[in-house]
Amino acid sequence: MELNMEFVNVQRCCECERIATFMLLTTSLLLDIAIFLTILLFLVYKYYTRNNDFFKKRGVKHIPPTPFLGNFGEILLLKKHPAVWLKDLYDKFGDVPYFGVYIFDVPYLVIKSPEIVKHVMVKDFHHFMDRSMALARHDDIQPNMMFFQKGEEWKVTRSKMTPAFTSGKLKAMCPMLAANGSRLVTYIKNHYGKMDLEEMSSKYVVDGIFRVFFGMEAHCMDGTNKELTQLLLQLQQPSLKDTISIFCYLYQHHFVDWFKLSFGDDVMKNYCVGAFKEAMKARENSSIRVNDLIDIINDLKKSKEFAQSFDFDGEKVLAQPFQFFIAGHITSTLSLTYTLFELTVNPEVQAKARKVAQEMLNDYGGITYDALMDKKYCYLDMVFDETHRKYPALAYLDRACTADYKIPGTDYVLRKGDRLLIPTLGHNFDEKYFPNPEKYDPERFLDKHNQDGLYFLPFGEGPRACIGGRFAGLNLKVALTNILSNFTLEKIPETPKTITKNPKAFGVSPLERINIMFKPIE
Ligand code: HEM
């Protein structure tokens with residue numbers, strides 16, 4: 001018994017000694033831990049506040065940042081959409097060419113002056129070639145998507161993908177788009193009653209993109225592809241995890257690599273990438289050539305020069321179709337949704353647009369490329385312009401400075417790596433450019449815009465502007481013409497009065513489900 005006691009004591013002593021070796025500063029382990037944590041916290045604080053006098057030193061108007069959060073607290077609490085947050089700051093700073101904001105610890109210069117915007121986007125583009133988003137090197141797809149690519153890699157991809165969007169290609173796509181428009185009419189007829197606009201638009205857009213770019217039937221509107229339609233619905237309701245991940249891609253790049261975060265929903269990515277892979281294989285094994293995106297990519301795979309310089313192999317080759325699917329689907333879905341909503345709550349605009357659509361169909365005997373391009377029916381384009389003004393696709397446009405640059409007419413010198421934002425919603429609701437901005441009024445686009453600088457940028461501008469803008473315009477007009485010539489759009493009790501921009505989404509998505517009634521025109 002005695003012996004046992006002694007043994008236990010000896011063991012305790014060894015433990016104490018072992019613990020003592022970890023006591024670095026004091027004789028108390030707890031005190032050591034407290035000191036260590038305080039130092040760590042201090043270092044993290046110093047790191048996160050290292051830029052907090054960035055704009056003060058440069059004499060740029062700004063709101064002093066809160067440590068760790070910068071000026072971004074409202075967004076993190078999901079109180080405001082980033083587009084609305086930036087618009088509010090745009091209004092607050094009044095008549096300045098630019099102002100500063102802090103997103104977490106990162107300073108961003110926000111450009112208000114349309115002249116400076118023009119320099120950044122077009123005239124001095126070679127200083128602002130990149131966007132300021134993270135590239136996830138652990139991912140096969142995201143760093144190869146054109147939207148995220150930087151410098152030379154972007155330039156090569158863009159030049160190789162541009163042939164998919166020539167006027168000739170767009171013209172050749174038109175019969176397929178027109179057929180998809182007829183299927184939309186059938187879909188609506190089969191679902192008489194109230195209709196969820198975002199769900200309907202998304203099915204129409206995805207069927208169109210799959211058919212035209214990938215030579216595949218997605219079968220969303222005919223209801224036979226339950227898996228994809230379910231995924232599309234999930235995409236419209238981003239989870240908190242998706243939102244955090246996207247914030248890291250946008251603003252806190254180091255977390256992307258540390259936690260190997262993926263951009264967007266992995267299930268959706270795997271579904272699409274699997275489908276594209278099959279489509280490419282099927283095309284490779286067939287003698288059919290339709291010059292769509294699949295043919296263009298298959299050609300690129302065979303091009304030694306391109307494959308060598310950019311490792312355009314394996315899964316990576318699938319980044320471009322996935323890119324077009326994501327960039328084209330979400331934006332076009334929202335454009336159509338918001339347009340139909342605005343036409344529902346503005347019946348006089350709806351009546352005018354219907355008259356123009358019917359004239360076009362009568363004059364051309366149906367939907368053709370020439371009909372869609374005819375300026376005589378430009379009211380339909382004005383309708384979409386007005387939608388994009390009230391509901392821009394992205395929260396803002398962004399650019400990273402790639403070589404030091406003195407902003408013309410000022411003493412401000414941007415350094416390589418500095419980040420810029422163009423506050424689209426701010427410009428779009430500025431009374432100076434668009435009087436009575438809350439009103440949905442396509443007529444305002446009878447006036448020419450962007451003459452002295454750039455302030456209306458629904459598809460961006462310059463070499464990095466949206467590659468699919470012209471395709472989107474055609475596809476949207478096909479849907480609108482078909483809908484307006486077959487149905488009237490009417491409010492129901494579930495139709496929201498106004499739209500709240502979903503603070504969890506980077507795209508300017510609605511928080512509410514938007515339901516309306518489609519009534520057939522006899
Ligand atoms: C109404 C529909 C659409 C809207 C409002 C829209 C809007 C935009 C905007 C604002 C940008 C950023 C431009 C900039 O930073 O200057 C962009 C980029 C892009 N869009 Fe679209 N887009 C639409 C449809 C499409 C479609 C249908 C596709 C493809 C099929 C597409 C593919 C892309 C790509 C690949 C980029 C990145 C271009 C680059 O970095 O070179 N978009 N889009």
Side-chain angles (χ1 to χ4, degrees), residues 83 111 117-118 120-122 125 128-133 135 142-162 164-165 169-170 173 177 201-202 204-214 272 276 292-293 296 319-339 381 383-400 419-425 427-428 450 454 456-480 506-509:
I111 310 291
V117 172
K118 191 165 185 173
V120 169
M121 309 282 279
V122 185
F125 173 76
F128 304 99
M129 205 192 278
D130 295 344
R131 296 202 173 85
S132 68
M133 294 163 192
L135 289 181
Q142 189 266 352
N144 294 292
M145 286 164 72
M146 187 195 303
F147 193 86
F148 300 98
Q149 280 181 313
K150 300 184 193 288
E152 282 303 306
E153 282 194 354
W154 165 76
K155 240 190 209 169
V156 175
T157 309
R158 175 99 191 193
S159 70
K160 299 290 178 188
M161 291 299 134
T162 300
F165 297 92
K169 290 269 165 52
L170 293 178
M173 288 171 187
L177 292 181
S201 304
S202 151
Y204 165 77
V205 169
V206 171
D207 277 0
I209 291 183
F210 265 66
R211 184 73 199 82
V212 164
F213 286 109
F214 316 128
C272 291
F276 304 146
D292 62 1
L293 195 73
I296 291 177
Q320 299 321 318
F322 183 61
Q323 157 77 90
F324 288 161
F325 170 72
I326 289 292
H329 152 238
I330 298 175
T331 48
S332 305
T333 295
L334 291 176
S335 293
L336 188 55
T337 301
Y338 288 130
T339 300
D381 297 301
V383 164
F384 284 110
D385 278 342
E386 181 62 344
T387 301
H388 292 141
R389 183 190 68 78
K390 278 193 85 175
Y391 310 93
L394 305 177
Y396 47 72
L397 301 178
D398 82 309
R399 292 290 186 268
R419 300 184 192 180
L420 307 183
L421 299 179
I422 291 143
T424 340
L425 198 65
H427 285 127
N428 292 359
N450 288 337
L454 295 173
F456 180 60
L457 299 161
F459 296 99
E461 194 54 81
R464 221 146 180 179
C466 176
I467 198 171
R470 287 200 309 151
F471 165 78
L474 293 176
N475 195 21
L476 292 171
K477 268 195 278 182
V478 169
L480 192 62
F506 175 67
V508 183
S509 314

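As the structure is a prediction and not an experimental result, all values here were calculated from the model. Each ligand, and each atom within it, is numbered from 1 in the order the structure gives. Residues take their numbers from the sequence shown, with the count starting at 1.
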Identified side chain to side chain contact (heavy atoms under 4.5 Å, CB included) counterpart of Q149 within the set V156, D130, N144: N144

Would you confirm whether R464, through its side chain, and M129, through its main-chain N or O, come within 3.5 Å as a donor-acceptor pair? yes

Identity and separation of the nearest protein heavy atom to atom 16 (O) of ligand 1: R399 NH2, 2.7 Å

Keeping S332 on the side-chain end and H329 on the backbone end, is there a donor-acceptor pair under 3.5 Å? no

If you take the nearest heavy atom of each of M121, R131, E461, M146, which one is closest to atom 13 (C) of ligand 1? R131

Considering only heavy atoms of F213, which atoms of ligand 1 have at least one such atom less than 4.0 Å away? 30 (C)

Applying side-chain contact (heavy atoms from CB on, under 4.5 Å), run through H427 and L457 and close with a yes or a no. CA-CA 9 Å; H427 285 127; L457 299 161; 5.7 Å; no

Residue pair L454 / V122, side-chain heavy-atom distance below 4.5 Å: yes

Determine whether the aromatic ring centres of F324 and F276 lie less than 6.0 Å apart. no

Near atom 21 (Fe) of ligand 1, which protein N/O/S atoms are found at less than 2.8 Å? C466 SG

Nearest protein heavy atom with distance in Å, relative to atom 37 (C) of ligand 1: F147 CD1, 3.4 Å

Side chain, backbone, both or neither: which part of M161 comes within less than 4.0 Å of ligand 1 when only heavy atoms are counted? neither

Taking heavy atoms and a distance under 4.0 Å, where does H388 meet ligand 1: side chain, backbone, both or neither? side chain

In the structure I gave you, are the side-chain heavy atoms of P463 and W154 within less than 4.5 Å of one another anywhere? yes

Under 3.5 Å between any N/O of R158 and any N/O of ligand 1: does that happen in this structure? yes

May I ask you to establish whether R131 and F147 are in a cation-pi arrangement, using a distance under 6.0 Å from NZ or CZ to the six-membered ring centre and at most 45° from the ring axis? yes

Can you find an N/O atom of W154 closer than 3.5 Å to an N/O atom of ligand 1? yes

Which atoms of ligand 1 are found less than 4.0 Å from any heavy atom of F324? 29 (C), 30 (C), 35 (C)

Polar side chain donor-acceptor pair, Y204 to N475, under 3.5 angstrom: yes

Hey, does the side chain of R389 reach the backbone of N428 with a donor-acceptor pair shorter than 3.5 angstrom? yes

Nitrogen or oxygen atoms of S335 and ligand 1 under 3.5 Å apart: no

Report yes if some N/O of R464 lies less than 3.5 Å from some N/O of ligand 1; otherwise report no. yes

Is the ring centre of F213 less than 6.0 Å from the ring centre of F471? yes

Close N or O approach (D398, ligand 1; < 3.5 Å): no

Below a 4.0 angstrom heavy-atom separation, can you tell me which part of P458, side chain or backbone, both or neither, approaches ligand 1? backbone

Considering all heavy atoms, the nearest G468-F165 contact: CA-CE2, 3.8 Å

